[in-house]
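Contents: one structure, followed by commentary.
Residue numbers start from 1 in every chain, and the chains themselves are labelled A, B, ... in the order their sequence lines are given, proteins ahead of strands. Computed from a predicted structure; not experimentally measured. Note that these values count all heavy atoms, side chains included, but never hydrogens, waters or copies made by symmetry.
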Amino acid sequence: MEYKVKIDAFEGPLDLLLHLIKQLEIDLYDIPVAEITEQYLDFIHKMQVLELDVASEYLVMAATLIEMKSKMLLPKQEPLEEDLFDQNMALEEDPRDELMRRLIDYRQYKQAAQELKELEQEQIRLYTKSPSDLSCYERTEQALPAEGEVTVSDMISALQRLLKKKKINKPMNTKIERQSLPIGKRMIEIVDVLKAKRDLVSFDTLFPYPDRSHVVVTFLALLELMKKKQITCNQETNFTDISICLTKGAEPIEIDGNESSY
Amino acid sequence: MKSTEMKAVIEGLLYVSGEDGLLLEQIESVIGVNGSDARALVEEMKQDWENDAKGLMIIDIAGGYQLTTKPFLADYFEKFVEAPRRSSLSQAALETLAIIAYKQPISRADIEDIRGVKSEKAIQTLVSRELVKEAGRAEGTGRAILYGVTTMFLTYFGLKSLEELPPLVPEEEDQSDEASDLFYENFRQTVEGL
Amino acid sequence: MKSTEMKAVIEGLLYVSGEDGLLLEQIESVIGVNGSDARALVEEMKQDWENDAKGLMIIDIAGGYQLTTKPFLADYFEKFVEAPRRSSLSQAALETLAIIAYKQPISRADIEDIRGVKSEKAIQTLVSRELVKEAGRAEGTGRAILYGVTTMFLTYFGLKSLEELPPLVPEEEDQSDEASDLFYENFRQTVEGL
């Protein structure tokens, strides 16, 4: 028989205890130590039967519970008259107090974590973009911030953000790849862009995606358009940017959008 | 400058700032208005954008504003960005983060004391996601690292400030926890079936 | 889907794509319309946005569209980069600096390859602030300038030497908590193996 257990693990012995307390409908402020210890040990024991690696924290808690149980079993000493003050102190020293305090404490953070999770789930549905590069607006003579204001970790986190951004953009590229853009379609697009600009367009702007097949298709489309005398390429001198425009007075041609799929 | 133009400038600033968000002071210094006027403009923009043809909205985050997409777009974006934008935090990380947020500055030992389990890995995750940072050193021997939350923490959970954190409720009964109930039930059945 | 809603989705997509731009095919696949309808919608949006309160506009790029700020905002961006901000060096500068520090000697082309954007200005700024310097020339044609960090860089970040730079750890996939994972992983395997 196969069991598909679909849950998160207990977050530790306190979490497990809280769970048992709830399960057994126990009052957290008056824990029956014997009962809870038995249940806890039972659980741990069964995990061991299943040959699970029981984390040491669970075993430490087991020991604590056993110790507590034995303390509770010790006969209470009759207080002497002169110890009246001490007796009050002793009353407060219920061996369960420490555990109760920890459980209550832990439970409130567990609840806070739950609330954070809800906020996270709302927030995760909102998308933003990474900040734009505004360095072109910076004046180079601008003074450097004081030493210590910028740390190595600022630098590293900037780099991490960059890598994260690249990772996010990746799937979009693979998606485009799979669609295998026909050269004809790309030719139409290029002509559209050139028409819209009514001006010289730099070579680079026609290659906005660092996606290999997109680059290849764009390049082939440009060659095809040149062959058909639809576009003209200019380059002032060696190694300067190439600019492209529609050939003036060229006879418009019919482009088959599905032509030679790459 | 007319207020329409100011809005246009704010929109542009929000766009270039992206996920970093735009501080109120930045709006003030760029368009030369005071804080309350800047705030009023943004509030107006928020209202202007409440129509169906707008896909973007302005949210309040730590000391300023951020431009984000509206929640209903998430369904479409899951098609667009095939990987989830960011993985959500594990239960361990969330618990650790809650403790740090409410008790900061706090040492690892104190966190582990509250959780009852080792939390090194969880803290490391939170630091690497920039939700938590070193916030000083404890006095005394060892000078343990103390942790605190970052501005990113506020942004991540869409909070304006730490005061917006829901108050801790010690008395309330534990919320029913279906996940672990199920776990426990399955566990019991499995064991009994052995 | 109504056309207003489609516009909202396109606006959201344009925003999230930012400077990378959005391909027409992407619009088609996300909202499930054909190319000419998508194009018509964007053209309508362009017109809608021709009002003074809009700081953004849509421009044509090869095969698609890009959201960008209107040209008149440039003056404000100059003020903006000088306005107080959270991190005192821009993301662009920090990114570029980090790449140079870890990969030096490195050419501008290689930096741009990693960053995916033009980086001439960022490098120039870093050079003028003496954090980065020319550190030789590449072999081969062109003999591109190679950049490296300066002694000033080390002083500035309080480093004795480059060896003190922390090693780069690729951000792991979800680093969920070790302790509970071990506990649970074992349990799951055992249960599934029954």
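Ring planes of A:Phe10 and A:His19: tilted class, angle from 30 to 60°.
Only the side chain of C:Phe153 comes within contact range of chain A, with at least one heavy atom under 4.5 Å from a heavy atom of that chain. With a 4.5 Å cut-off on non-hydrogen atoms, C:Leu165 touches chain A through its side chain but not through its backbone. For C:Lys79, no part lies under 4.5 angstrom from a heavy atom of chain A. Contact annotation for C:Ile59: neither backbone nor side-chain heavy atoms come within less than 4.5 Å of a heavy atom of chain A. Using a 4.5 Å cut-off between heavy atoms, C:Leu131 touches chain A through its side chain atoms alone. Both the backbone and the side chain of A:Leu134 come within contact range of chain C, each with at least one heavy atom under 4.5 Å from a heavy atom of that chain. Interface remark: C:Ala93 contributes no atoms to any contact with chain A (heavy atom separation under 4.5 Å).
Using modelled atom types, no side-chain atom of C:Tyr147 and backbone atom of C:Ile100 make a donor-acceptor pair closer than 3.5 Å.
Taking the side chain as every heavy atom from C-beta outward, C:Thr150 and C:Tyr156 never approach each other to under 4.5 Å.
A donor-acceptor pair shorter than 3.5 Å can be found between the side chains of A:Ser132 and C:Glu19. Residues C:Thr96 and C:Ser119 bring no donor and acceptor atom of their side chains to less than 3.5 Å of each other.
Heavy atoms only, all atoms of each residue included: C:Pro105 and C:Leu146 are closest at CB-CB, 3.8 Å.
Interface summary for chain A: among C:Gly158, C:Gly142, C:Ala74, the most heavy-atom pairs under 4.5 angstrom belong to C:Ala74.
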